[in-house]
Amino acid sequence: MLDISMFREHSDVIRADHDRRGLTHESIDEVIRLDEEWRSTRYNADQLRKARNEAARSIAEAKKSGDSSAADAILAEVADIGAQIDKLAEHSDECLEQRDALRMRIPNILHAEVPIGEDDQKNTLHSMHGEKVELGFEPRNHNDLIEMNGWVDQARGAKVAGSRFYFMQGDLARLEMALQQYGADFLRGRGYTLVQPPLMMNRDAYEGVTDLADFETVMYGIEPDNYYLIATSEHPLTAMRMDEIIEPSELPIRLVGVSVCFRREVGAHGLSDRGIWRVHQFTKVEQIVICHPDDSWGHHEELLGNAVDLWDSLGLHYRVVNICTGDMGTVAARKYDLEAWLPGVGDYKEVVSCSNCTDYQANRLRMRYRTTEGNETVHTLNSTAIATSRALVAILEQNQMKDGRVGVPEALRPYMDGQETLEPLH
RNA sequence: GCAGACGUCGCUUAGCCUGGUAGAGCGCCGGAUUUGAAAUCCGGUGUCCUUGUGACUCGGGAGUUCAAAUCUCUCCGUCUGCGCCA
């Protein structure tokens with residue numbers, strides 16, 4: 001959510017951003033109109049409250065001096081003032097509610113270097129890392145590999161839960177745990193504090209961190225208790241400090257979250273999605289930074305650097321792209337994706353997403369830091385380190401051998417008793 | 001799950017019974033004093049708006065009242081005890 005002062009004092013900036021995104025200005029105008037109406041109605045209500053307070057004070061004084069007839073006289077004068085206040089207050093509350101409901105849907109101001117384009121085809125190349133391995137045989141896709149080795153039981157996952165659920169087993173399950181451990185250790189080594197968050201959140205906290213449309217398409221709701229299963233540990237870790245005023249000495253806050261992530265994946269379908277690429281449940285190691293507004297662009301590069309070094313250390317080939325305006329979403333001001341090379345698919349696919357959300361989440365979460373002039377809004381950033389399911393797919397396809405076994409990246413071997421290849425399930 | 005206690009400004013707390021301007025201490029910021037520091041003293045330190053002798057704010061919401069931190073209802077959370085439990 002953009003600060004209201006942006007609409008009052010710099011609406012030209014929001015308008016220019018909407019132009020870049022190809023959006024009309026209607027919502028902006030409506031927010032400004034509702035804001036003005038709220039302010040004037042609010043002012044009128046305040047004036048009446050002032051009169052009521054003065055009357056109440058007079059009554060108190062009159063009663064104290066024992067003059068009950070004077071008290072009654074004042075009381076008669078202000079008899080209907082309460083009803084007038086209620087009427088104005090009701091209208092002003094409506095205006096404020098509508099203003100902010102609309103404001104919640106207006107996207108963040110994009111960084112100047114975000115490329116303009118309508119969809120992911122217009123994302124631009126940032127950098128290439130590693131090299132395509134020459135396998136010397138026709139590569140299998142990850143779905144064939146997990147099926148022939150018995151590493152994932154999709155049929156029984158569907159039986160006991162539903163489609164896109166699965167049992168991961170044997171050496172692949174061990175590799176999954178190794179990835180979690182390795183990713184967490186890697187970031188702890190760079191000063192990030194390991195956090196295991198709640199896997200469910202309440203509505204209020206959740207609205208602070210995500211696009212409202214996500215409640216329909218992404219999150220699972222837990223009915224009788226009104227909780228939502230988290231779609232990523234970014235959400236609880238960012239909301240962790242909501243409604244707090246943070247001491248500047250605590251900034252920047254660097255966290256590495258490890259959690260299971262739950263996603264409904266409404267609308268996803270197709271044979272190309274078989275396997276564990278797009279599933280309802282996976283584990284993710286996530287980087288979070290909460291920082292001073294002046295430092296967030298530096299931290300954005302730091303998060304990308306961490307992800308790059310981590311993926312380099314796994315010996316995988318991938319590229320980094322700049323996400324364009326049409327592919328950006330509501331919350332981020334700038335986003336890089338890491339796209340891993342998948343030989344079985346013959347294309348690069350998204351495995352990491354690295355975002356600077358500037359003050360957009362922090363405004364909704366009322367998350368500020370103390371300054372001598374008052375309290376200022378912090379900035380929040382997040383980046384995948386390892387989404388295990390997708391990292392596994394990249395490892396499976398890039399490290400596959402002719403017989404269908406898969407090489408374990410050297411960095412992960414210490415977490416697997418030194419094992420060098422994934423063996424079929426017996 | 002049951003019973004009780006509790007939730008007040010960044011922190012600790014007073015005020016609640018008996019409705020009438022939310023007070024104190026600590027921390028922080030600024031100033032005075034000092035060679036410098038400590039100590040001391042003075043002022044400031046929640047949110048909003050049309051900056052006023054302004055409005056709002058005491059976990060959230062609703063109600064009673066001219067007036068609610070205070071009374072009533074309800075929801076949430078914390079603590080203690082009992083029960084259950086990996």
Side-chain angles (χ1 to χ4, degrees), chain A residues 1-11 31-101 103 196-208 221-228 236 239-251 253 260 290 292 359 362-378:
Chain A
M1 184 165 68
L2 298 177
D3 195 289
I4 192 64
S5 65
M6 287 292 294
F7 292 88
R8 292 177 190 162
E9 292 155 34
H10 306 290
S11 70
V31 168
I32 292 170
R33 189 189 71 74
L34 285 164
D35 184 51
E36 283 167 359
E37 190 170 341
W38 167 67
R39 286 158 81 179
S40 72
T41 312
R42 167 68 191 274
Y43 178 76
N44 292 333
D46 278 0
Q47 293 307 305
L48 287 177
R49 284 198 178 100
K50 181 182 174 186
R52 182 179 66 181
N53 289 342
E54 280 164 359
R57 262 194 294 272
S58 304
I59 290 169
E61 262 173 51
K63 286 201 171 173
K64 202 179 278 179
S65 63
D67 190 351
S68 66
S69 62
D72 289 343
I74 301 163
L75 208 155
E77 267 176 53
V78 297
D80 67 330
I81 203 167
Q84 290 180 55
I85 291 171
D86 285 349
K87 202 175 158 193
L88 284 173
E90 194 185 332
H91 184 59
S92 103
D93 287 352
E94 271 170 26
C95 289
L96 190 65
E97 203 175 300
Q98 284 176 33
R99 183 196 82 178
D100 287 342
R103 187 156 65 112
Q196 293 185 335
L199 301 184
M200 302 178 201
M201 288 170 66
N202 63 49
R203 177 91 193 193
D204 185 41
Y206 227 132
E207 281 183 356
I222 303 295
E223 247 336 309
D225 300 291
N226 290 318
Y227 292 134
Y228 292 87
M240 197 172 171
R241 298 298 195 109
M242 70 184 283
D243 286 318
E244 291 190 27
I245 295 163
I246 301 169
E247 293 298 335
S249 59
E250 277 196 82
L251 300 176
I253 298 172
V260 180
I290 298 170
H292 189 283
D359 63 357
N363 274 326
R364 286 191 191 177
L365 292 167
R366 301 165 295 275
M367 192 156 69
R368 295 161 298 170
Y369 68 98
R370 191 186 306 284
T371 79
T372 51
E373 280 86 37
N375 302 321
E376 301 287 337
T377 307
V378 296

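So that the names make sense, note that chain A is the first sequence line, chain B the second, and so on, each numbered from 1.
Counting to the nearest Å, the P atom of B:G52 and the CZ atom of A:R42 are 17 Å from each other. Rounded to an integer number of Å, the gap from CZ of A:R368 to P of B:U47 is 6 Å. When the C1' atom of B:U47 is taken as reference, atom CG of A:D243 falls 13 Å away, rounded to whole Å. The distance between atom CG of A:L48 and atom C1' of B:C49, rounded to the nearest whole Å, is 15 Å. As rounded to whole Å, 10 Å separates atom P of B:G61 from atom CG of A:D93. Atom CD of A:E54 is separated from atom P of B:G52 by 16 Å (rounded to the nearest Å). When the C1' atom of B:C56 is taken as reference, atom CZ of A:R52 falls 11 Å away, rounded to whole Å. Following rounding to the nearest Å, A:E244 (CD) and B:C9 (P) show an atom-to-atom distance of 14 Å.
A distance of about 10 Å separates the P atoms of B:G7 and B:U13, rounded to the whole Å. Rounded to a whole angstrom, the distance from the C1' atom of B:G19 to that of B:U53 is 24 Å. Taking atom P on both nucleotides, B:A24 is separated from B:C42 by 12 Å, rounded to a whole Å. B:C16 and B:C58: their C1' atoms are spaced 11 Å apart (whole Å). Comparing B:A38 with B:U47, their P atoms sit 28 Å apart, to the nearest whole Å. The P atoms of B:C17 and B:U72 are separated by 9 Å, rounded to the nearest whole Å. The separation of B:C48 from B:G1, taken at their P atoms, amounts to 38 Å, rounded to a whole angstrom. A distance of about 23 Å separates the P atoms of B:U12 and B:U57, rounded to the whole Å.
In this structure, A:R364 contributes its side chain and A:E207 its backbone to a donor-acceptor pair below 3.5 Å.
Closest approach of A:N363 to A:M1, counting heavy atoms only: ND2-O, 3.0 Å.
Atom CD of A:E90 has 12 or fewer neighbouring heavy atoms from other residues, nucleotides or ligands inside a 6.0 Å radius. Atom CD of A:E54 has more than 12 heavy atoms from other residues, nucleotides or ligands within 6.0 Å. The number of heavy-atom neighbours closer than 6.0 Å to CE of A:M240, taken from other residues, nucleotides and ligands shown, is 12 or below. Heavy-atom contacts from other residues, nucleotides or ligands closer than 6.0 Å to CD of A:E94 number more than 12.
Ranked by how close their nearest RNA chain B nucleotide is to the 5' end, A:I245 and A:W38 are led by A:I245. Summary of the strand contacts: A:Y227 and A:K50 both lie near RNA chain B, and taking for each the nucleotide with the nearest heavy atom, the more 5' one is attributed to A:K50.
At a threshold of 4.0 angstrom between heavy atoms, the contacts of A:S40 include nucleobase atoms, whether or not backbone atoms are also involved. As judged by a 4.0 angstrom heavy-atom cut-off over every strand, A:R8 is placed among residues touching the sugar-phosphate backbone only. Within 4.0 Å (heavy atoms only), A:R49 reaches sugar-phosphate atoms of the nucleic acid but no base atom.
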Exercise. A:I4 and A:R99: side-chain contact (heavy atoms from CB on, under 4.5 Å), yes or no, with the steps?
Worked result: CA-CA 10 Å; A:I4 192 64; A:R99 183 196 82 178; 3.7 Å; yes
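The nucleotide whose nearest atom lies closest to any side-chain atom of A:N375 is, among B:U53, B:U50, B:G46, B:G46. Checking B:U50, B:G20, B:A55 against every side-chain atom of A:R39, the shortest atom distance belongs to B:U50.
With salt bridges taken as basic N to acidic carboxylate O contacts below 4.0 Å, none links A:D46 and A:K50.
Taking a pair to require two hydrogen-bonding distances under 3.5 Å in either a Watson-Crick or a G-U wobble arrangement, B:A67 remains unpaired. Using Watson-Crick or G-U wobble geometry with both donor-acceptor distances under 3.5 Å, B:G83 finds no partner in any strand shown. If you check B:U13 for Watson-Crick or wobble pairing at under 3.5 angstrom, you find it paired to B:G23. Across all strands shown, B:C6 pairs with B:G77; the Watson-Crick or G-U wobble distances both stay below 3.5 Å. Nucleotide B:G52 has B:C49 as its partner under the Watson-Crick or G-U criteria, with both atom distances under 3.5 Å. The base-pairing partner of B:A32, taking Watson-Crick or G-U wobble contacts with both distances under 3.5 Å, is B:U40.
Within a heavy-atom distance below 4.0 Å of RNA chain B, no residue of residues 200-207 of chain A is found.
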